[in-house]
Engineer: 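What follows is a structure written as structure tokens; I'll ask about it next.
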Protein chains: 2
Amino acid sequence: MVQLQQNAVRNRLIKAMSPDDFDRLQPHLYLTDLPLQQMLIAPNQRVEHLYFLESGVSSITAQGSDGRVEVGIAGREGLVGAVPLLLGSDRVPHDHFMQLAGEGWRIGAEALLAATDASATLRRLLLRYIQTELVQVRQTAFVNASFNIEARLARWLLMCHDRVDGDDLLLKHEFLSMMLGVQRSGVTLALQNLEGAGRIKARRGRITVIDRERLETLADGSYGAPEAEYARLIEGALCRATTSTCGTSRARAGWPRIWRATNSPTSALRARRRCDRRAT
Amino acid sequence: MVQLQQNAVRNRLIKAMSPDDFDRLQPHLYLTDLPLQQMLIAPNQRVEHLYFLESGVSSITAQGSDGRVEVGIAGREGLVGAVPLLLGSDRVPHDHFMQLAGEGWRIGAEALLAATDASATLRRLLLRYIQTELVQVRQTAFVNASFNIEARLARWLLMCHDRVDGDDLLLKHEFLSMMLGVQRSGVTLALQNLEGAGRIKARRGRITVIDRERLETLADGSYGAPEAEYARLIEGALCRATTSTCGTSRARAGWPRIWRATNSPTSALRARRRCDRRAT
DNA sequence: TTCGTTTTGTATGGTATCGAACATAACGGA
DNA sequence: TCCGTTATGTTCGATACCATACAAAACGAA
């Protein structure tokens with residue numbers, strides 16, 4: 001393996017950690033291909049490896065009698081397996097698998113545990129990441145109870161868009177329906193609405209985000225708060241001390257400025273093409 | 001304040017901690033009355049105090065444009081405020097308030113932080129509790145997407161029942177509808193179904209659980225998994241080491257044996273009165 | 001190209017839930 | 001006791017979504 005440069009990494013947790021912490025982890029990181037449907041963590045089984053995702057998207061799903069439903073999502077902002085490792089268990093009851101193929105830095109559970117035991121700052125960073133996971137899933141619980149398919153779909157596309165390069169999402173309606181816990185045909189209709197309004201373009205197996213800003217408008221409050229919390233907790237540069245008072249009201253103040261900056265600089269421009277409003 | 005005995009406490013986290021850890025905390029615990037609607041943690045504000053609940057139930061809610069929805073619940077099995085304290089932030093974007101009046105041991109954030117810094121076992125216990133919170137809210141996200149009002153109501157009543165003495169829940173339909181994110185009249189109808197089937201008895205402002213076991217049958221998979229995870233992570237007596245292999249398949253094996261044992265010994269008996277099955 | 005497969009589009013009746021209104025019943029203070 | 005207030009019961013049209021089926025289109029391999 002070649003010597004790894006921290007600033008060449010795209011994972012945002014790795015980017016956010018101190019150089020010392022990076023040096024601690026670096027010898028244990030192995031870049032791994034993560035093909036579609038790859039199971040990263042199997043339910044109720046001991047977690048042996050964790051993954052700092054570089055690209056692609058992973059889902060956490062709950063399995064019910066009538067199929068699975070997504071209860072969490074992770075991409076290059078995350079570390080798959082952080083919860084069982086850092087919260088002192090060695091397993092979780094949900095499965096984590098790749099829903100968009102990509103790559104990730106794999107690390108052994110023992111190596112990461114040793115690193116977090118040795119470095120308080122690293123431990124603190126990863127614990128903060130777990131807090132963002134918690135905020136995200138609380139939002140999902142809220143959204144699932146309160147929003148219609150169209151808004152939930154818009155939110156989901158935005159979250160996915162945040163985690164990929166470019167504006168194309170390689171997704172099938174069938175898959176989306178599972179993630180949202182709704183009918184497949186309902187997804188088709190909702191996508192048609194979004195497409196008719198010029199927010200996306202849908203082809204077979206591919207959804208292209210055309211007008212991200214208006215997509216956010218349509219999601220109407222279902223998207224944004226957890227993303228702001230990530231910016232505050234992980235990338236709020238001044239947040240070091242546990243009881244720091246930084247970012248007092250930033251989470252309320254609005255969205256992170258550049259949540260998607262590294263992903264697709266073009267979309268930020270494109271998003272401004274038109275900006276009319278439409279009632280939900 | 002009188003000297004406190006660990007075995008006289010009813011909070012299950014305190015019960016589960018080692019005597020040493022209890023001694024560490026004991027000087028800082030103040031029994032506090034927690035009346036209905038008392039705000040324990042305000043959203044996006046620094047957490048000054050945490051609460052080991054002794055009785056009563058607290059809700060975590062998300063505020064949307066059309067009202068609040070519950071995205072978490074805590075009772076005597078929990079510590080309100082654990083997330084911001086132990087995950088290294090000092091605030092959360094959701095509010096925590098009492099939905100059933102009770103009491104709790106209040107402790108200052110600094111005192112608890114000092115204790116967790118000093119004791120690895122205490123820190124591990126509380127981090128594991130956070131994992132149970134995470135599992136619980138993932139389940140809520142799943143349930144909100146997949147189950148009808150009746151099943152969700154049944155689950156909610158069971159979770160509430162787990163956390164109170166006796167079988168009476170002092171709740172209004174209006175309140176329940178907010179928690180579940182549904183119409184008030186929908187709650188009334190669902191309660192009537194449950195009552196007609198003999199599972200509960202509903203009077204003005206009071207719901208009595210009559211047949212808990214059949215209530216679980218009706219909840220049909222929406223209830224149980226997080227409760228089993230609590231039993232495994234917190235009360236699985238052998239789980240001490242971080243990478244322990246205890247409880248390998250217990251979470252799948254079924255419900256905790258005595259989740260409600262200390263609360264209402266009578267209900268376990270009563271639950272067995274009848275046991276027919278009915279399709280959902 | 002052709003054909004089989006996969007994915008998406010479309011239609012339809014049924015159901016759960018909404019949204020709102022109003023009626024009834026329980027409670028509590030004067 | 002009465003009466004105002006609060007909580008619950010009930011109704012009903014509207015609607016979002018389900019469940020299912022089938023048609024059309026896109027794709028890919030022979």
Side-chain angles (χ1 to χ4, degrees), chain A residues 36-37 64-69 99-100 143-157 168-197 200-208 218-220 222 279-280, chain B residues 36-37 64-69 99-100 143-157 168-197 200-208 218-220 222 279-280:
Chain A
L36 194 64
Q37 309 230 353
S65 55
D66 51 338
R68 14 183 107 267
V69 174
Q99 44 140 279
L100 288 179
V143 166
N144 286 353
S146 305
F147 288 76
N148 62 19
I149 292 185
E150 204 167 320
R152 285 164 62 188
L153 181 60
R155 170 177 184 246
W156 201 91
L157 293 176
D168 286 353
L169 313 174
L170 274 58
L171 297 162
K172 290 178 281 193
H173 299 188
E174 178 73 41
F175 176 81
L176 283 168
S177 78
M178 275 188 19
M179 291 298 97
L180 300 176
V182 301
Q183 286 289 114
R184 197 271 311 164
S185 56
V187 171
T188 301
L189 295 194
L191 282 173
Q192 286 166 359
N193 287 349
L194 296 181
E195 182 161 24
I200 62 167
K201 183 155 182 288
R203 278 162 298 176
R204 183 189 172 94
R206 173 186 310 260
I207 295 166
T208 308
L218 195 139
D220 186 33
S222 69
T280 312
Chain B
L36 194 65
Q37 310 230 354
S65 56
D66 52 337
R68 15 183 105 266
V69 174
Q99 45 142 278
L100 288 179
V143 166
N144 286 353
S146 306
F147 288 77
N148 62 17
I149 293 185
E150 202 167 320
R152 285 164 62 189
L153 180 60
R155 170 178 184 244
W156 201 91
L157 293 176
D168 287 352
L169 313 174
L170 275 59
L171 297 162
K172 291 179 280 195
H173 298 188
E174 179 75 39
F175 177 81
L176 283 169
S177 78
M178 275 190 16
M179 292 297 98
L180 299 176
V182 300
Q183 287 287 114
R184 197 270 310 163
S185 57
V187 171
T188 302
L189 296 193
L191 282 172
Q192 286 165 1
N193 286 349
L194 295 182
E195 182 161 24
I200 62 167
K201 183 154 180 290
R203 278 162 298 177
R204 184 190 173 93
R206 172 185 311 259
I207 294 166
T208 308
L218 196 140
D220 186 32
S222 71
T280 314

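Residue numbers start from 1 in every chain, and the chains themselves are labelled A, B, ... in the order their sequence lines are given, proteins ahead of strands.
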Engineer: Protein within reach of the bases, or only the backbone? For nucleotides 11-24 of chain C, mark each nucleotide 5' to 3' as B, S or -, using heavy atoms under 4.0 Å.
Structural biologist: ------SSBBB---

Engineer: Would you indicate whether the side-chain heavy atoms of A:L36 and A:L170 approach each other to under 4.5 Å?
Structural biologist: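 With C-beta onward as the side chain, the pair stays apart.
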
Engineer: Any side-chain heavy atom of B:L169 within less than 4.5 Å of one from B:T208?
Structural biologist: no

Engineer: What's the separation between atom CG in A:L191 and atom CG in A:L189, rounded to the nearest 0.5 Å?
Structural biologist: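 It is 9.0 Å, given to the nearest 0.5 Å.
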
Engineer: Using a 3.5 Å cut-off and no angle test, enumerate the donor-acceptor pairs between side-chain atoms of residues 171-179 of chain A and protein atoms at least two apart in sequence or in another chain.
Structural biologist:
residue: A:H173; atom: ND1; partner: A:T188; partner atom: OG1; Å: 2.9
residue: A:S177; atom: OG; partner: A:E174; partner atom: O; Å: 2.7

Engineer: Can you name the residues that form a ring pair (Phe, Tyr, Trp, His ring centres under 6.0 Å) with B:F147, not counting sequence neighbours?
Structural biologist: B:F142

Engineer: Just to verify, what does B:A219 make a side-chain contact (heavy atoms from CB on, under 4.5 Å) with, not counting sequence neighbours?
Structural biologist: B:A154, B:L158, B:S222, B:Y223

Engineer: When the C1' atoms of the five terminal pairs at each end define the local axes, what inter-axis angle does the helix from C:dT1-D:dA30 to C:dA30-D:dT1 show, to 10 degrees?
Structural biologist: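 Here the local axes at opposite ends form an angle of 30°.
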
Engineer: I'd like the 5' and 3' limits of the part of DNA chain D contacted by chain A, with heavy-atom contacts below 4.0 Å.
Structural biologist: D:dC17 to D:dC27

Engineer: What residues, two or more places apart in sequence or in another chain, satisfy side-chain contact (heavy atoms from CB on, under 4.5 Å) together with A:E195?
Structural biologist: A:I200, A:K201, A:A202

Engineer: Please name the pair of heavy atoms, one in B:I149 and one in B:G186, separated by the smallest distance, quoted to 0.1 Å.
Structural biologist: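 Looks like CG2-O, 4.1 Å.
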
Engineer: Using a cut-off of 4.0 Å between protein heavy atoms and nucleotide atoms, how would you tag nucleotides 25-30 of chain C 5' to 3' with B, S and -?
Structural biologist: BBS---

Engineer: Roughly, in whole Å, what's the span from CD in A:E174 to C1' in C:dT8?
Structural biologist: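 In whole Å, C:dT8 C1' and A:E174 CD are 11 Å from each other.
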
Engineer: Salt bridge (charged side-chain N to carboxylate O under 4.0 Å, His left out) with A:R184: which residues, sequence neighbours excluded?
Structural biologist: none

Engineer: Rounded to the nearest 0.5 Å, what's the gap from CD1 on A:I207 to CG on A:L194? Could you check?
Structural biologist: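 One finds 8.5 Å between CD1 of A:I207 and CG of A:L194.
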
Engineer: To the nearest Å, give me how far apart NE2 (A:H173) and C1' (C:dT8) are.
Structural biologist: 6 Å

Engineer: For A:R206, what residues pass the side chain to side chain donor-acceptor pair (under 3.5 Å) criterion, not counting sequence neighbours?
Structural biologist: A:D168

Engineer: Partners of B:L180 by side-chain contact (heavy atoms from CB on, under 4.5 Å), sequence neighbours excluded?
Structural biologist: B:R152, B:L153, B:W156, B:V182

Engineer: If you look at every heavy atom in A:V69 and A:G181, which pair is closest and at what distance?
Structural biologist: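 Distance-wise, the nearest heavy atoms are CG2-CA, 4.0 Å.
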
